[in-house]
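What follows is one structure encoded as structure tokens, with my remarks underneath.
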Amino acid sequence: MDGRNAGGGLVWLVLAGVLGSCASAPRTSPPPDTGGSGPPAGLSQREREGFYHLAQGNEHLWLAVLRALPSRSTLEGRGDSFQSFLDAPERFGLLADPDSPEGLPVGVALVPATERHPVARVGTNCAACHVGEFHYRDARVRVDGAPSLLNMEDFNREAVEVMSRTLVDRAQLLAFLQRLAVYLPEQTRTGAPPRLEEVSDDRLQEAYPDTDLLPDGSSSAREKLKAEVEWYCGSQELSPCRPPMLGPEPARLREFDEQLGQYVHELSRRQVRTVPDAIRVLRGHLLYFMRLGKLKFATYAGPGRVDAFGVARGVLFGPQVAGVLDAPVSYPCLWEFQTSPWLHWDGNTNSIMERNIGQALGMGAVVDRRTFESSVLPRNLAELERLSRKIVSPRWPEDAFGALDAARIERGSGLFAQNCQECHEKPGVIPLEVVGTDGNRARSFASMVGDLEFPAALQDLLSRVKQRAYAREALSQSEINPLEPSIVYWRAPLGYVSRPLAGIWASPPYLHNGSVPTLWDLLLPAARRPARFPLGQHEYDPEKVGYVTEVPGKARFIFDVSMPGNGNGGHEYGTGLSDEEKRDLIEYLKSL
């Protein structure tokens with residue numbers, strides 16, 4: 001298939017895996033303790049609020065729906081009280097933002113209700129993946145621009161599960177509709193919903209004004225609500241309350257895409273007037289989260305990773321073109337990318353705005369492949385880029401993690417010059433055959449789409465989307481010039497970029513695919529590096545520099561280097577040093 005003729009219709013680019021993912025933190029969550037080091041340098045408090053919550057065009061999920069939706073814990077009967085899908089966002093690796101007026105976590109944008117869009121909507125932005133937090137003893141150190149531990153797959157799977165179970169379970173569906181009645185009129189309210197028996201008849205009627213729910217001599221409001229649900233859900237041979245079907249057959253895939261397009265064009269812009277409206281909205285949200293089901297994954301990415309371009313290739317050009325996805329990579333730290341004209345782990349483009357537009361599409365913005373019209377907001381993307389460039393590499397937090405040893409730093413400086421400086425002093429692409437690390441990501445990006453290499457096919461689409469977006473928002477040339485190189489390149493160099501190591505302590509796990517948990521492990525020969533280790537915990541090891549590799553109880557995720565794309569080989573530089581020399585080198589790396 002030629003990349004210029006990928007077919008018409010609405011495209012959901014899912015470069016980030018969980019599109020429009022959102023959750024909220026309880027307003028009582030305390031701010032992180034930075035151990036006395038103060039807020040991260042670079043951004044003012046006002047700028048930080050923008051970086052954490054600025055919309056970029058992918059805000060399609062209804063805040064009221066997600067607040068009324070039960071969590072998996074609630075559906076399984078765990079806990080004494082109702083837990084919303086939005087509660088306890090840390091289970092997905094999202095970080096609380098106590099300064100958010102709406103209690104939304106870092107990286108979740110809110111678009112308030114307007115006359116044109118009568119419901120408050122949410123989506124994610126780049127901060128969801130690029131703000132990290134590290135725990136040591138009683139200290140918590142939050143770092144703007146550091147990779148997060150967001151587990152997009154967990155978020156997506158739980159959303160699909162709880163929405164499907166809510167649709168097919170009449171009791172759960174009735175409870176959802178009553179909670180939705182509370183949140184729809186006051187869509188930005190936070191806090192626990194009232195008990196279902198406390199939802200007044202007037203509130204139910206107000207939420208669904210075109211469905212008669214007023215009590216009469218024979219039926220209460222709740223009895224009428226139940227009768228309405230039973231009638232609507234049983235009104236057709238294939239119940240409209242049945243979760244959508246998704247299979248490999250082309251006809252079924254086309255039907256699914258048509259329903260998804262209907263959700264974007266109709267349900268995301270309508271106001272609930274009836275009980276069937278609310279059920280259709282819930283089903284539309286389920287469609288939104290089911291779209292990854294068309295793709296096949298060989299490796300579970302887990303916390304802090306995603307196979308971004310593999311998913312993009314599958315969604316843009318079809319599952320048959322994508323094949324089996326096997327190249328997950330870690331979220332990178334943002335300050336590194338200010339040092340090189342080439343972006344991403346493999347240095348595959350020099351276009352800031354095409355990269356950012358791709359990221360917005362990847363987080364749930366939409367594009368019509370026939371017209372290349374999209375929902376991305378280029379001015380907001382430019383502002384997010386400006387804020388990202390203000391983020392500076394973080395200094396080692398001595399008050400939280402312990403003081404640095406000046407003598408070790410001095411000795412380590414010489415070891416760095418001998419073992420590391422040649423590659424890391426100047427950014428550049430190191431070929432796979434030289435660096436020796438897992439090559440799945442680099443080879444995946446070089447794959448073919450019909451008679452075009454994937455970089456060429458992707459550039460063609462992003463360039464067209466960019467030009468339409470610029471025209472829609474009437475960006476002037478003076479606004480565009482600082483954001484673009486004179487000539488845009490997308491390429492597949494079959495290697496990975498070496499970068500300066502400032503702030504390296506704040507970007508574990510290591511290598512492009514996150515296959516090595518600590519700097520100490522990276523200085524071991526590949527055969528001695530951990531073959532399996534827990535991932536998803538924030539607990540930090542200041543001695544080895546990285547996440548701890550022993551955790552009590554059941555780990556959130558076990559990284560297995562035997563899985564495709566997870567190889568931890570290569571980069572065996574400095575592995576011949578003595579243990580004392582390695583400690584000196586690591587102390588120097590901490591100081592960068």
Side-chain angles (χ1 to χ4, degrees), residues 16 18-34 37-61 63 66-67 86-90 92-112 120-134 140-152 155 188 190 304 331-335 337-338 356 359-360 362-365 376-377 379-394 503 506-507 538:
V18 172
L19 309 182
S21 64
C22 112
S24 69
R27 295 292 297 133
T28 56
S29 296
D33 177 8
T34 60
S37 60
L43 298 176
S44 68
Q45 181 58 34
R46 183 170 183 177
E47 288 173 327
R48 185 166 295 108
E49 291 171 4
F51 180 65
Y52 285 3
H53 301 294
L54 184 63
Q56 56 183 18
N58 62 340
E59 297 74 29
H60 300 296
L61 296 170
L63 180 59
L66 297 182
R67 283 193 168 141
L86 296 183
D87 293 335
E90 63 275 3
F92 303 123
L94 288 162
L95 296 174
D97 179 10
D99 296 322
S100 166
E102 308 305 335
L104 297 175
V106 172
V108 175
L110 170 70
V111 177
R121 294 167 291 122
V122 290
T124 51
N125 72 8
C126 49
C129 300
H130 297 294
V131 178
E133 187 170 289
F134 309 98
R140 296 187 178 193
V141 179
R142 184 167 292 186
V143 181
D144 291 341
S148 77
L149 290 173
L150 174 61
N151 191 329
M152 301 177 188
F155 187 99
T188 59
T190 59
Y331 311 142
C333 54
L334 293 184
W335 58 84
F337 290 97
Q338 300 172 17
N356 290 348
Q359 183 270 140
M363 300 299 278
V376 299
L377 303 174
R379 276 201 172 86
N380 282 14
L381 291 175
E383 174 63 6
L384 284 166
E385 177 65 26
R386 183 188 74 82
L387 295 174
S388 296
R389 287 179 173 270
K390 290 197 68 176
I391 294 173
V392 298
S393 60
S507 61
H538 291 278

Identify, with sequence neighbours excluded, every residue that meets side-chain hydrogen bond (donor to acceptor under 3.5 Å, both in side chains) alongside H53. D97
Spatial distance of atom CD (E102) from atom CG (L110) [nearest 0.5 Å]: 5.5 Å
G503 and W335: which non-hydrogen atoms are nearest, and at how many Å? O-CZ2, 3.4 Å
In sequence, state the C-alpha distance, the side-chain angles, and the governing distance for L150 and T124, and then conclude on side chain to side chain contact (heavy atoms under 4.5 Å, CB included). CA-CA 11 Å; L150 174 61; T124 51; 5.9 Å; no
Distance from L334 atom CG to L387 atom CG, nearest 0.5 Å? 11.0 Å
Mind checking what makes side-chain hydrogen bond (donor to acceptor under 3.5 Å, both in side chains) contact with E59, not counting sequence neighbours? none
Under the side-chain hydrogen bond (donor to acceptor under 3.5 Å, both in side chains) test, residues paired with N356 that sit two or more places apart: E385
Does F51 form a side chain to side chain contact (heavy atoms under 4.5 Å, CB included) with E47? I'd like the steps, not just the answer. CA-CA 6 Å; F51 180 65; E47 288 173 327; over 6 Å; no
Where V143 and F134 come nearest, the two heavy atoms and their spacing: CG2-CE1, 3.9 Å
Is there a side chain to side chain contact (heavy atoms under 4.5 Å, CB included) between R389 and R386 once you walk through the steps? CA-CA 5 Å; R389 287 179 173 270; R386 183 188 74 82; over 6 Å; no
Interatomic distance, C129 atom SG to L94 atom CG [nearest 0.5 angstrom]: 9.0 Å
Note: G57 and L377 closest approach over all heavy atoms is N-CD1, 3.6 Å
Closest heavy-atom contact between I391 and D144? CG2-O, 3.3 Å
Sorted by chain and number, sequence neighbours left out, salt bridge (Lys or Arg N to Asp or Glu O under 4.0 Å) with E49 holds for none
S507: side-chain contact (heavy atoms from CB on, under 4.5 Å) partners, not counting sequence neighbours: P147, C333, I504, Y510
Smallest heavy-atom separation, V376 atom then A365 atom, equals CG1-CB, 3.7 Å
Got a second to check how far N58's CG is from N125's CG, nearest 0.5 Å? 8.0 Å
Distance col, row Q45:CD vs D99:CG, nearest 0.5 angstrom, shows 5.0 Å
Are H130 and P332 side-chain neighbours, meaning at least one heavy-atom pair lies under 4.5 Å? yes
Would you compute the distance between atom CZ of R121 and atom CG of L61 and round it to the nearest 0.5 angstrom? 10.0 Å
Where do L384 and Q359 land on the side chain to side chain contact (heavy atoms under 4.5 Å, CB included) test, with the steps shown first? CA-CA 12 Å; L384 284 166; Q359 183 270 140; 5.6 Å; no
